[in-house]
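Here is the structure we will look at.
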Amino acid sequence: MTVVEQAAVDNTLDYIDQASFLGLRALGRGPLAQYIWVYEHPIDMAGLRRFHRNLGHGLLGRRIERSVLPFGRHHWVACTSPADLEIAGSERPRDEVTDWVDEQIRHPIDPEWGPAWRLAVQPLTGGGAAVTLIASHTICDGLAFSMAVADAARGVTRDLGYPPPNSRTRRRALLADGREVLRAIPDVARAAAAAVRLAGTNRDDLSSSAARSAPLATFRGSEPVTVPAVAVFIDDVAWDARAQALGGTSNSLFAGIAARIGQFMGRVDDQGWVKLSFPVSERTEGDTRGNALTAMTLTVDPRRVSDSLTDVRAEIKRSLAALADTRNELLAPLPLTPLIPKRLARSLEGLALGSGSPIGCSNLGPLDPAANRPDGTDADYVWVRQMESRITPDILDRLGGSLFVASGRVHGTVFLTVSGWEVGKPNSKERLATHIRPALEDFGLTGTIE
């Protein structure tokens, strides 16, 4: 095992992480990041237990401790739990893996009370096993999640220097948090001015977001559902060849396929175009933020993407070039986060999603090969997805449905994970697959659908 000592860090949550936590508490639900590995050969349980122990000593090994002030900044504290991985008591057939994976989403995950993450194993009939790791998106974005997985698989642990929970006396906490509030006053003043400007330029979006938001009682109403989700595995040589033939890159091919799936699901505007929302990582060496990212939005004509990716590629370049200005506009109001009441936070959900019917996209790109080796050996299949916990049909309908597409590359394979909900339709994995297959066929690609 390799232990990486890290210089003492400020354990105060970044504003974007506190905003993520505020949203979780205001809505009563939040996104979860999930890794899934399928072994069709015997699994090394001793290696998997080492992996589990190592996960608790890195970016996953923490939880949130609230400020003693209602408008203060929260803090990270050390937390290596859960104590052990969870192993199912009976075997299940290989064709029930995705059902088991969906069931795992329903187990409680909480970045404040814990566990903030959990690792579970399902033995398979005839040998092999499925393994899943689930974590609150508040403690790690996609890149941080993959880094934590690769580190743990390689035996690398990190001492982040966080204090244990409840290590401050109330008097010390009041003094320290009060000083932080005073230091933040100039930032809050600038953030308030930025929020006024943002509201002025997004008046229509604010109105539509309020209309799509629901009172708290609704979130405690109907039974939660797991949004249908499937994974697709495509040979990476065929993937790269198709991207090159269409004048694009791996990223633009991913965007094109997401756009086409969105078209088949009716997530288009009046002109037939789709809106793709991409996170853009800002993570640097030694970065301990949970969510070190900003975002960009692409507007794409899905009717043309399977003929040529040059327009998509150009739109990605344009959006990245403009990111400096849009980033400042999006992040400037964040110092107001500790002051936002829950009722207002709920009303801003629609604004955070964006106007129209956006398609969430996350391309992790090439993964560290170690990310496919939780027990020390290569899994036969691996995929990563983002899922929403404790969401109900009425919420999904109010938000206009959903579509989220993620991708990554490892072990000679490109995986696509697609989760989606259509308003007023019989939502199922089988129906979702009927949108994915023709989208791939339009690009001359075939894949194995899990």
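All residue numbers refer to positions in the sequence shown, counting from 1.
- For the pair Leu403/Val418, a side-chain contact is recorded, criterion being any heavy-atom separation below 4.5 Å from C-beta on.
- When ring centroids are compared, Phe233 and Trp383 come within the 6.0 Å threshold.
- Checking Trp239 against Ser250 by side-chain atom types alone, a donor-acceptor pair falls below 3.5 Å.
- For Trp37 and Asp375, the side-chain atoms include no donor-acceptor pair closer than 3.5 Å.
- A donor and an acceptor atom, one from each side chain of Arg260 and Ser306, are located under 3.5 Å apart.
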side-chain hydrogen bond (donor to acceptor under 3.5 Å, both in side chains) assessment of Lys429 paired with Thr98: CA-CA 10 Å; Lys429 296 174 188 176; Thr98 57; 3.3 Å; yes
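- Counting only N and O atoms by type, the side chains of Asp380 and His41 include a donor and acceptor under 3.5 Å apart.
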Walk me through it: do Asp110 and Arg63 pass the test salt bridge (Lys or Arg N to Asp or Glu O under 4.0 Å)? CA-CA 8 Å; Asp110 191 279; Arg63 61 179 176 84; over 6 Å; no
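- Checked by atom type and distance alone, the side chain of Arg385 never pairs as donor or acceptor with a backbone atom of Ala229 at under 3.5 Å.
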What do the steps show when you test Arg158 against Asp151 for salt bridge (Lys or Arg N to Asp or Glu O under 4.0 Å), and what is the final call? CA-CA 9 Å; Arg158 300 181 185 275; Asp151 278 350; 2.8 Å; yes
Test side-chain hydrogen bond (donor to acceptor under 3.5 Å, both in side chains) applied to Asp84 and His52, step by step: CA-CA 7 Å; Asp84 198 6; His52 178 271; 4.7 Å; no
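- Gln122 and Arg92 form no side-chain donor-acceptor contact under 3.5 Å, judged by distance and modelled atom types alone.
- Under the 3.5 Å distance criterion, with hydrogens and angles disregarded, no donor-acceptor pair is assigned to the side chains of Thr299 and Glu315.
- For the pair Thr417/Val230, no side-chain contact is recorded, criterion being any heavy-atom separation below 4.5 Å from C-beta on.
- Around the CZ atom of Arg303, the shell of radius 6.0 Å holds more than 12 heavy atoms that belong to other residues, nucleotides or ligands.
- Within 6.0 Å of CD on Gln244 lie no more than 12 heavy atoms contributed by other residues, nucleotides or ligands.
- No side-chain N or O of Thr249 forms a donor-acceptor pair with one of Arg313 less than 3.5 Å apart.
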If you apply the rule side-chain hydrogen bond (donor to acceptor under 3.5 Å, both in side chains), what do you find for Arg106 with Thr226, and how did you get there? CA-CA 8 Å; Arg106 300 169 197 146; Thr226 300; 3.2 Å; yes
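- In this structure, Leu440 and Ile234 have side chains that are in contact, with non-hydrogen atoms separated by less than 4.5 Å.
- A heavy-atom distance below 4.5 Å is not found between the side chains of Leu119 and Thr132.
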Taking it one step at a time, do Arg437 and Asp442 satisfy salt bridge (Lys or Arg N to Asp or Glu O under 4.0 Å)? CA-CA 9 Å; Arg437 288 192 185 94; Asp442 287 347; over 6 Å; no
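- Annotation: cation-pi pair Arg66/Phe21 absent, no NZ/CZ under 6.0 Å from the ring centroid and within 45° of its normal.
- A donor-acceptor contact closer than 3.5 angstrom links the side chains of His435 and Glu422.
- Ring-plane geometry between Tyr35 and Phe145 is classed as perpendicular, the angle between the planes exceeding 60 degrees on a 0 to 90 degree scale with a lower cut at 30.
- Contact annotation: the side chain of Tyr15 approaches that of Pro338 to within less than 4.5 Å [non-hydrogen atoms, C-beta and beyond].
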Any chance you could lay out the salt bridge (Lys or Arg N to Asp or Glu O under 4.0 Å) test for Asp269 and Lys275, step after step, and finish with the verdict? CA-CA 8 Å; Asp269 63 17; Lys275 185 182 291 185; over 6 Å; no
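- In this structure, the side chains of Asp236 and Thr413 stay at 4.5 Å or more apart for every pair of heavy atoms.
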Can you check side-chain hydrogen bond (donor to acceptor under 3.5 Å, both in side chains) on Thr294 and Glu282, steps first, answer last? CA-CA 7 Å; Thr294 183; Glu282 296 185 323; 5.1 Å; no
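- Within the 4.5 Å cutoff, the side chain of Phe254 has heavy atoms near those of the Cys361 side chain.
- Of the N and O atoms on the side chains of Asn363 and Asn251, at least one donor lies less than 3.5 Å from an acceptor on the other residue.
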